[in-house]
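Heads up, the thing below is written out as structure tokens.
Just so it is clear: chains get the letters A, B, ... in the order the sequence lines come, proteins before strands, and each one is counted from 1.
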Amino acid sequence: MSRTILVCVAWPYANSSLHLGHIAGTWLPADIFARYHRLKGNRVLMVSGSDEHGTPITVTAEQEKKSPQEIVDFFHRQHAEGLKALGISIDCYFRTSHPDHKRVAQDFFKELYDRKLIEERPSEAPYCPSCRRFLPDRYVEGVCPNCGALDARGDQCDRCGNTLDPSDLKNPRCRLCGQAPVFRETRLHYLLLSKMEKPLLDFLESRRGWRSSVVNLTRSWIKEGLHDRAITRDLSWGVPVPLEGFSEKSLYVWFEAVIGYFSATQQWARLSGQASAWKEFWEDPKTEAYYFIGKDNIPFHTIIWPAMLLGRGGLNLPANVPANEYLLVSGEKFSKSRGIGAKLNECLAEFDSDQIRYYLASIMPETSDADFSWDGFVSRNNDELLSVIGNLVNRVLALTQRTFGVIPQSGELSSDDRAALAAAERCARDAGLAIEQCEFKKALKEIYVLAQTGNQYVNAQAPWKLAKENPDRARTALHIAIRICRALIIYLSPYTPMMSQKAWAMMGFEAPVPNGVWDQALGPLPANQKLGAVGHLVKRIERDAKTGKEQAANL
RNA sequence: CGCGGGGUAGAGCAGCCUGGUAGCUCGCGAGGCUCAUAACCUCGAGGUCCUUGGUUCAAAUCCAAGCCCCGCAACCA
């Protein structure tokens, strides 16, 4: 029975370039998942977009002496192009500054407001007179009241670890200009999360197959008691609050950005010419929504967004939120500001997208932080993707091409033949199950084992020898070998779509690899089909000065 | 006592939930093969499973305490 699956990917912030941490953390797992389900014949929609509001955008804009719109336009485009070049099969890459998103977000706010889940309250907020704006907590710095550290931030002190409020700081100053902020009365709107504890807990307990770290974190948040959260800000760069007298204020970016999953689906429907097609993905309770995010976003996707959905009613809740841990470089976090780690665009200029995808998938930080290294990248590419996987396809097809020119007819199967096919079948089952459970590293390992099985089979059969001694057996052995290769590249295509496409064409099939083919991957081959031009699938990466230099520059 | 994750061969990791002779990939050593991108296949060397204590016939696995590393703490995937 065919399933319907909505794949949601965390919205990258449009004030700096994407780096490999974003890819390994969210984009690649989401894309593997989406591509796999298409291969299984399921209906899939994948949405995301640029998060374009909030103070960091305006700060970047001021530093660059540009308008916020210019900044987000630049990065939105760069992100969209980079993701496309990486082969991310997204159906709609939307943006929060789009008028249609703003309208959807405002409607969402009003729905919750009308249901009395949003309430106006007086509040005090730090305001910088010289910058003439309200400051987010993190933008207020001062002396920690607990340990006396000089550079504590309004949300916490890094030295003693205590959680702070901006008003706790002694000698507070604006991080942007250094002047002392004043505290001003303002009126903000609060999402009444405290009313939602029970439904959220019920929601959490009804989910199956979630990662334990996600469940634990969410459960502990709820257990500590949920606080009502301010979801509006005194900011001009954002979605205006849709209430009279509040149009000078904006919706808090995180309240507004998560609505993007919903608005992007509607945008996709409009562009596809069926404006109501979004309903299938949000209103049909059989549809499964998966949210691929980094661990820092867990509460937003397991508490705040579900609370919003529960409050509005009639929309699907997340089926799973397979949050990833972090990708580190030499034990340090990727950092936009400190220039640590590799940017996506720079990698794409240097390497094939599948080479990047294979390596990142093989070290994906699913259960703990993972370490990125150029040495590991070269090794995984040359020793695994090229030598074991690419080389298997290459040696089998090259020999077949030279010997027969076409896919040979299979004769009666020997026990070795059947054993090899059975191994491939096991691989398909185990790898498929692992991907469905969002265990992408495990699935890749299964697929790698299949390539090893293929190489063992080819070595044992020695079809180059058989071609001279026993042509009938040679035909059968190569037929089986090609069947395994075809299965291999189909199973691998969620990970390395370009390479699989190339191998598919070498086998003489017409592009592209069709949807729904996963379960037929091992089926009979069209005998006497003419092979395409056979060439190398994977480029060798030399451990040369260049890689060394990049290493030095990036580490 | 803020919360979470982790510590297993030279490197990177799986196994732990559901105790039963320590496994995988890379690297290293020896052999085989010669279809294939110096690729492939076979065999081998290499480990006090962070420490200590407990439960048990039996602990990498369960329990307790401790040490160390990392992340989060509501505006970094």
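- Nearest-nucleotide assignment on RNA chain B puts the 5′-proximal partner with A:Ser213, out of A:Gly390 and A:Ser213.
- Here the closest non-hydrogen pair linking A:Arg211 and A:Pro322 is NH1-O, 3.5 Å.
- For A:Phe300, whose side chain is taken as the heavy atoms from C-beta onward, the closest listed nucleotide among B:A74, B:C26, B:U34 is B:A74.
- When the P atom is used for both B:C50 and B:C13, the distance is 15 Å, rounded to whole Å.
- Judged by distance alone, with hydrogens and angles left aside, the side-chain atoms of A:Ser379 form no donor-acceptor pair with the main-chain N or O of A:Asp375 at under 3.5 Å.
- Looking at heavy-atom distances under 4.0 Å, A:Arg402 makes contact with sugar-phosphate atoms alone, never a base.
- Rounded to whole angstrom, the span from the CG atom of A:Leu226 across to the P atom of B:A74 amounts to 15 Å.
- Residue A:Lys441 qualifies as enclosed at atom NZ: its count of foreign heavy atoms under 6.0 Å is above 12.
- In this structure, A:Asp228 contributes its side chain and A:Leu193 its backbone to a donor-acceptor pair below 3.5 Å.
- In this structure, A:Arg357 forms no cation-pi arrangement with A:Tyr495, as its terminal cationic atom is not both closer than 6.0 Å to the ring centre and no more than 45° off the ring axis.
- Between the C1' atoms of B:C49 and B:G44, the separation comes to 22 Å (whole Å).
- Between the OH atom of A:Tyr358 and the C1' atom of B:C26 there is a distance of 11 Å, given to the nearest Å.
- Figure legend. B:A74 is base-paired to no nucleotide; pairs are counted as Watson-Crick or G-U wobble with both atom distances under 3.5 Å.
- To the nearest whole angstrom, the two C1' atoms, one in B:A77 and one in B:C35, are 44 Å apart.
- Spacing between B:G6 and B:A64 at atom P, rounded to whole Å, works out to 15 Å.
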Task: From CA spacing to verdict: ring-ring contact (aromatic ring centres under 6.0 Å, His included), A:Tyr261, A:His301 - done: CA-CA 11 Å; A:Tyr261 300 119; A:His301 290 81; 5.6 Å; yes
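- Under the Watson-Crick or G-U wobble criterion, with both distances below 3.5 Å, B:G19 has no partner in any strand shown.
- Between the CD1 atom of A:Ile484 and the P atom of B:A36 there is a distance of 20 Å, given to the nearest Å.
- Using the Watson-Crick or G-U wobble rule with both distances under 3.5 Å, B:A65 pairs with B:U51.
- When the C1' atom is used for both B:U61 and B:C70, the distance is 23 Å, rounded to whole Å.
- A distance-only check finds no donor-acceptor pair linking the side chain of A:Asp417 to the backbone of A:Ala477 [under 3.5 Å].
- Residues A:Arg380 and A:Gln355 bring no donor and acceptor atom of their side chains to less than 3.5 Å of each other.
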Dump every N/O contact between nucleotides 38-46 of chain B and the protein below 3.5 Å, one line per pair.
residue	atom	partner	partner atom	Å
B:A39	O3'	A:Ser387	OG	3.4
B:A39	O2'	A:Ser387	O	3.1
B:A39	O2'	A:Asn391	ND2	2.8
B:C40	O2'	A:Arg395	NH1	2.9
B:C40	O2'	A:Asn459	OD1	2.9
B:C40	O2	A:Asn459	ND2	3.0
B:C41	O4'	A:Asn459	ND2	2.7
B:U42	OP1	A:Gln456	NE2	3.1

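- In this structure, A:Lys465 reaches the sugar-phosphate backbone alone: every heavy-atom distance under 4.0 Å involves primed, P, OP1 or OP2 atoms, never a base.
- Rounding to whole angstrom units, OH of residue A:Tyr326 and P of B:G4 are separated by 17 Å.
- Across the protein-nucleic acid pair, A:Asn297 atom CG and B:G71 atom P stand 17 Å apart, rounded to whole Å.
- One C1' atom belongs to B:C24, the other to B:A9, and the distance between them is 12 Å to the nearest Å.
- Listed nucleotides: B:G5, B:U25, B:A77. Nearest to the side chain of A:His19: B:A77.
- Taking the C1' atom of each, B:G27 and B:G20 are spaced 32 Å apart, rounded to whole Å.
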- [ ] Go along nucleotides 7-15 of chain B 5' to 3' and tag each nucleotide: B for a protein heavy atom under 4.0 Å from its base, S when only backbone or sugar atoms are that close, - otherwise.
- [x] ------SS-
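- Protein atom NE2 of A:His301 is 14 Å distant from nucleotide atom P of B:C76, rounded to whole Å.
- Within 4.0 Å of A:Leu397, counting heavy atoms only, lies no atom of the nucleic acid at all.
- Taking atom NZ on A:Lys295 and atom C1' on B:G71, their separation rounds to 4 Å, with Å as the unit.
- Ring orientation note: the planes of A:Phe440 and A:Phe292 are tilted relative to one another, at an angle of 30° to 60°.
- Residues A:Tyr359 and A:Phe372 place their aromatic rings such that the two centres sit under 6.0 Å apart.
- Searching all strands for a Watson-Crick or G-U wobble partner of B:A11 with both distances below 3.5 Å returns B:U25.
- As judged by a 4.0 angstrom heavy-atom cut-off over every strand, A:Trp254 is placed among residues touching the sugar-phosphate backbone only.
- With P as the reference atom, B:C26 and B:C67 are 39 Å apart, rounded to whole Å.
- A:Tyr93 and A:His79 have their aromatic ring centers separated by at least 6.0 angstrom.
- Straight-line distance from the CD1 atom of A:Ile222 to the P atom of B:C3: 17 Å, rounded to whole Å.
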